[in-house]
Protein chains: 4
Amino acid sequence: MLTNSGGQVAIRVGVLGANGKVGKAICDAVNAADDLELVATVDQGDPIEQFVESDAEVVVDFTHPDVVMDNLKFLVANGIHAVVGTTGFDDDRLDEVRSWLADSPKTGVLIAPNFAIGAVLTMRFAEQAARFFDSVEVIELHHPNKADAPSGTAYRTAALIADARAAAGVGKSPDATTTELEGSRGADVAGVRVHSIRLAGLVAHQEVLFGTQGETLTIRHDSIDRSSFAPGVLLGVRQIASRPGLTVGLDPLLDL
Amino acid sequence: MLTNSGGQVAIRVGVLGANGKVGKAICDAVNAADDLELVATVDQGDPIEQFVESDAEVVVDFTHPDVVMDNLKFLVANGIHAVVGTTGFDDDRLDEVRSWLADSPKTGVLIAPNFAIGAVLTMRFAEQAARFFDSVEVIELHHPNKADAPSGTAYRTAALIADARAAAGVGKSPDATTTELEGSRGADVAGVRVHSIRLAGLVAHQEVLFGTQGETLTIRHDSIDRSSFAPGVLLGVRQIASRPGLTVGLDPLLDL
Amino acid sequence: MLTNSGGQVAIRVGVLGANGKVGKAICDAVNAADDLELVATVDQGDPIEQFVESDAEVVVDFTHPDVVMDNLKFLVANGIHAVVGTTGFDDDRLDEVRSWLADSPKTGVLIAPNFAIGAVLTMRFAEQAARFFDSVEVIELHHPNKADAPSGTAYRTAALIADARAAAGVGKSPDATTTELEGSRGADVAGVRVHSIRLAGLVAHQEVLFGTQGETLTIRHDSIDRSSFAPGVLLGVRQIASRPGLTVGLDPLLDL
Amino acid sequence: MLTNSGGQVAIRVGVLGANGKVGKAICDAVNAADDLELVATVDQGDPIEQFVESDAEVVVDFTHPDVVMDNLKFLVANGIHAVVGTTGFDDDRLDEVRSWLADSPKTGVLIAPNFAIGAVLTMRFAEQAARFFDSVEVIELHHPNKADAPSGTAYRTAALIADARAAAGVGKSPDATTTELEGSRGADVAGVRVHSIRLAGLVAHQEVLFGTQGETLTIRHDSIDRSSFAPGVLLGVRQIASRPGLTVGLDPLLDL
C-alpha cells in the first residue's frame with residue numbers, strides 16, 4: 001500500500017487504452033502524482049479482469065466507442081469507479097450506464113467530452129456572461145487537418161450562449177449587414193455566429209467575443225498540447241469516489 | 001406619469017453632476033431607455049431639493065469626493081435610492097452611509113468603483129479560475145496619460161486572484177528566472193505578477209492570463225469609450241429599489 | 001508668413017469639406033502642427049477660389065464623389081497640391097486626374113483609400129510575409145452598423161496576399177475540412193479565407209494570421225477612433241510638394 | 001544521384017549534431033523535402049570526414065559553442081557550405097570565420113541566432129514600423145522554465161526599434177506615470193519598455209505593440225514547437241551555395 005509524503009493512502013488507479021497516445025500521457029500523469037498509484041494498465045487483448053485483481057479503485061477509459069460500453073458494464077458491476085474520455089455517448093448510452101449504476105449505488109462514473117479545464121471554464125464563463133452583452137460571436141481556430149467545421153466545442157459553446165440569452169430575454173446580436181460575400185459572416189448556430197479558422201502552426205484554440213456599448217469582453221482558450229486533458233482527468237480520478245451515480249461533463253466537479 | 005411601450009410605469013431618475021462628461025452620458029442613456037424617465041438634473045450651484053420636488057426615485061451620483069457625502073446624506077434622509085460612481089470611499093465613509101441607512105430601512109444605496117460590466121466580469125471570472133491553473137499573470141494596458149501603474153483594477157484583480165489561490169492551497173506561479181533585467185518581470189502584487197503597458201491609441205484594457213500543462217486561458221476586457229459604464233449604471237438604477245441598505249460593487253447585482 | 005519654433009516656414013494648408021466630422025479633425029490636426037498653417041477652409045457653398053486668394057500650397061479634400069473631380073480640376077489648374085481621402089476613384093477617374101496633371105507638371109496629387117498608417121502597414125507587411133507561410137486567413141472585426149462584409153480593407157488585403165503567394169508559387173492554404181456548417185469557413189477571396197465579425201463595442205479592426213510548421217505570425221490593426229487618419233494625412237501634406245504627378249495610396253510615402 | 005519529381009538534382013545535405021532533438025528534426029525535414037538528399041549524419045564521436053566522403057554540399061550545424069569552430073574550420077577548408085544554428089558567436093568568432101572564408105572564396109556560411117521565419121519577420125516589420133508611431137512596447141511570453149528575462153529575441157527587437165526611431169528623429173514614447181509599483185512598467189531597453197511573462201502552458205511568444213492617435217498595430221509571433229526553425233533552416237540550405245562568404249542572420253535570405 002502506497003502512502004504519499006503526507007502519509008495519505010494513494011488512490012489505486014487503472015488505465016484502459018494504456019498504449020494509446022492519450023493513455024500513455026495519463027499513465028505518466030498518474031505516475032507523477034503523489035496521491036495516485038498506477039496499479040494496472042490494459043489495452044486491446046489484455047484481460048480487463050486485471051483491474052479487479054489489482055484492486056483498482058478508479059479506472060480511466062480513453063478507448064473507442066465500440067468497446068467502451070463493455071468496459072463500463074464490467075467496471076460498474078465490480079464496483080470500480082470510472083473516468084471516461086471516450087467519445088460517442090448519446091442519450092441512449094447514458095441511460096444504459098445509469099441503469100447499471102442503479103444496481104451499484106456506491107459506484108461513480110464520470111463521462112466528459114472535454115477534460116481540458118480551460119475549455120470547460122471558457123464554456124461556463126461564456127454562459128454566465130451571455131446575458132450582459134448586446135453582441136456575441138465565437139471564433140475557433142484549429143490545425144488544418146481537422147475535418148469538421150465548426151469544432152464540437154465551438155458548436156456547444158454557441159448553443160449554451162444562445163440558451164442563456166434566450167432565458168434572459170436578450171434579443172439577437174445587432175447586425176446591419178446588407179451586402180455579404182458568401183460565408184464572410186460565419187455559420188449561424190442558434191443565432192450565434194461561429195467562425196472557423198484552419199491554420200498550420202495552430203493546435204486547438206477558441207475565442208468568445210462579447211460586446212456592448214464601448215466595451216468588449218474576450219474569453220480565449222489555447223490548447224497547444226494533447227496533454228492538456230491530464231489535469232482534468234486527475235481531478236476526476238480524485239473526486240469520482242465521492243460522487244456516486246453518473247456525472248456528465250467536468251463542470252459539476254469544478255464547484256463554480 | 002410616463003409609461004413605456006409595455007405599459008409599465010417608468011422609474012423616475014435624477015442625475016447629480018449632470019453637466020460633467022460622465023453625467024451627460026448618463027442623462028443620454030436614461031433618456032434612451034424605455035423604462036426610465038429623467039425627471040431632474042443637478043450640478044454645482046443647483047438646489048439638490050429638486051430631486052424631492054420632482055419625485056425622483058433613484059439618483060445617480062458621479063460628482064466629487066468633496067460633495068458626495070452631503071449628497072448621499074440628503075438622498076437617504078429623503079428616501080431616495082442612490083447609485084454612486086464617485087470615488088474616494090474608504091471604510092469610514094461606508095460605515096457612515098450605513099448608519100444613515102439604518103434610519104431609512106427601505107432605501108438602497110449602491111456604491112461601485114467600476115460600472116463597466118466587462119471589468120466586473122473579468123474580476124469575477126479571474127477569481128473563479130484562479131485555483132485551477134499553475135500560473136497566472138495580469139497585463140493592463142492604458143493610454144499614456146495615466147499617472148498610476150498598475151491600474152487600480154489590475155491591482156484589485158491580482159489581489160482577488162491571490163486570495164482565491166491561497167484559499168485553495170495553490171502555491172506560487174512557477175518561475176525559473178535567474179537573470180533579470182530590472183523590471184522585466186513586472187510588479188509583484190500579493191505574489192501575482194502585474195505588467196503595465198502605456199501606449200498611444202489605447203484607452204483602458206486588461207488581460208488575465210492563466211496557464212497549466214499544455215493550455216492557457218485568457219480573459220480580456222477592452223474599454224474604448226467612457227460610455228462603457230452606462231449599461232452598469234442602468235442595471236443599478238433598475239435594481240436598487242429592491243436592494244435596501246448598502247451594496248458595494250456591481251457584483252451582487254449580476255447574480256452570477 | 002508663419003514660421004515655426006525652428007525658424008522653418010510653415011506649409012500653407014487649405015481644407016475642403018472643412019465642416020464635416022473628418023474635415024474638422026483635419027483642421028484640428030493642422031492647427032496643432034508646428035510646421036503647418038491652416039490658411040483657408042471651404043465647405044459646401046463656399047467659393048473654392050479662397051484657396052488661391054489665401055496662397056494655399058496644399059489642399060486636403062475629404063468631400064464627396066460627386067464634387068471631388070471639380071475640386072481637383074480647379075486645384076491642379078491653379079498649381080495647388082492635393083491630398084485626397086474622398087472615395088469613389090476608379091481607373092477612369094484616375095486617368096482623368098493624370099491628364100490634368102500632364103499640363104501642370106510641378107503639381108502633386110495624392111489619392112489614398114486609407115490614411116490610417118497602421119492599416120497601410122498591415123497590408124504591406126501581409127504582402128511581404130505571404131510567401132513564407134503555408135497558411136493564411138484574414139479576420140476583420142467591426143461595429144455592428146457596418147453594411148458590407150467583408151470590409152474593403154480586408155478584401156484588398158486578401159487580394160494582395162493572394163497575388164504575392166501566386167507570384168512566389170505558393171499553393172493554397174491546406175484545409176482538410178470535409179464536414180462544414182455553411183459559412184463557418186468564411187468567404188473565399190482569391191483563395192484566401194476572410195471572416196467578418198460584427199460586434200457592439202468595436203470600431204474597426206483587422207487581423208492577418210499566417211502559419212507554418214510550429215509557428216504563427218499575426219499582424220493586427222486596431223482603429224478605435226476616426227482621428228486615426230490624421231497622422232497619415234499630415235504625412236501626405238508634408239510630402240506631396242516633392243512628389244509631382246499622381247500618387248495612389250499612402251505606401252510610396254512610407255519609404256518601406 | 002537523387003533527382004526529384006521535377007527532374008532537378010537534389011542538394012546533398014549533411015547534419016552535424018544529428019542525434020540531438022534539433023538535429024533529428026532537421027534530418028526529418030531534409031528527408032521530407034523533395035529537393036534535398038540527406039547524405040551523412042554526424043554526432044559526438046563520429047568522424048567529420050564523412051561529409052567529404054559522402055560529397056555533402058551543405059552541412060547544417062546545431063551543436064555546441066565548444067565544437068562549432070572546429071566544425072566550421074573543417075567544412076570551409078573542404079569547400080562545404082554551412083548553415084549554423086549553434087549559439088555563442090561574438091565578433092571575434094565571426095571575424096575568424098571570415099578569415100577562413102577568404103581562403104575559400106566560393107564557400108558560403110550562414111550563421112543565424114534565430115531560424116524561425118516568424119521571429120525574423122517580426123523583428124524586421126517592427127524595425128520598419130518603428131518610426132511611424134508615437135509609442136512602442138514589447139511583451140515576450142515564455143514557459144516558466146526560462147532562466148533569463150527578457151528573452152534575447154525581445155532584447156534584440158527592442159534595440160532594433162530604438163535604433164530605427166533614433167535614426168528617424170522620433171522621441172521617447174509618451175509616459176505620464178508618476179506613481180509606479182516597482183517593476184510594473186517593465187524593463188527599459190534603449191528607451192523601449194519590455195515586459196516578460198512566464199506562464200505554464202506557453203512555449204515562446206512575442207508581441208510588439210505600436211500606437212499613435214486612435215490606432216494601434218500589433219505584430220505577434222507564436223512559436224509552439226521547436227520544429228519551427230525547420231523551414232528557416234531549409235531556406236538557408238537551398239540558398240547558401242549562391243551566397244559565398246559569411247551571412248549573419250536569416251534576413252538577407254528573405255529578400256524583403
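Letters A, B, ... mirror the listed sequences (proteins, then strands); counts begin at 1. Both backbone and side-chain heavy atoms feed into the values below; hydrogens, waters and symmetry mates do not.
- Only the backbone of C/V136 comes within less than 4.5 Å of a heavy atom of chain A; no side-chain atom from C-beta onward does.
- Both the backbone and the side chain of A/D175 come within less than 4.5 Å of a heavy atom of chain C.
- Contacts between C/D148 and chain A at a heavy-atom distance below 4.5 Å involve backbone atoms as well as side-chain atoms.
- Heavy-atom pairs under 4.5 Å with chain C were tallied for A/L199, A/T178, A/T216; the largest tally goes to A/L199.
- Neither the backbone nor the side chain of A/I224 comes within contact range of chain C, judged by heavy atoms closer than 4.5 Å.
- In this structure, C/A200 and A/S135 approach most closely via the heavy-atom pair N-OG, 2.9 Å.
- Closest approach of C/P144 and A/P174 over heavy atoms only: CB-O, 3.3 Å.
- Rounding to the nearest 0.5 angstrom, the gap separating the CZ atom in C/R198 from the CG atom in A/L209 is 12.5 Å.
- Rounding to the nearest 0.5 angstrom, the gap separating the CD atom in C/E215 from the CG atom in A/L202 is 11.5 Å.
- In this structure, A/S184 and C/A149 approach most closely via the heavy-atom pair OG-O, 3.4 Å.
- Counting non-hydrogen atoms of neighbouring residues, nucleotides and ligands closer than 6.0 angstrom, the OH atom of A/Y155 reaches no more than 12 such neighbours.
- Only the backbone of C/T212 comes within contact range of chain A, with heavy atoms under 4.5 Å apart.
- Annotation for A/D66: atom CG counts as buried by contact number, over 12 foreign heavy atoms lying within 6.0 Å.
- Chain C forms more heavy-atom pairs under 4.5 Å with one residue of A/G186, A/A154, A/A147 than with any other, namely A/A147.
- Contacts with chain A (heavy atom to heavy atom, under 4.5 Å) involve these residues of residues 189-197 of chain C, listed by number: C/V189, C/V194, C/H195, C/S196, C/I197.
- Comparing C/Q213, C/K146, C/H142 by heavy-atom pairs within less than 4.5 Å of chain A, the highest count is held by C/K146.
- Counting heavy atoms from C-beta outward, A/P150 and C/L181 have side chains that approach closer than 4.5 Å.
- Taking chain C as the reference chain and counting heavy-atom pairs below 4.5 Å, the highest number among A/D134, A/I139, A/D188 is found for A/I139.
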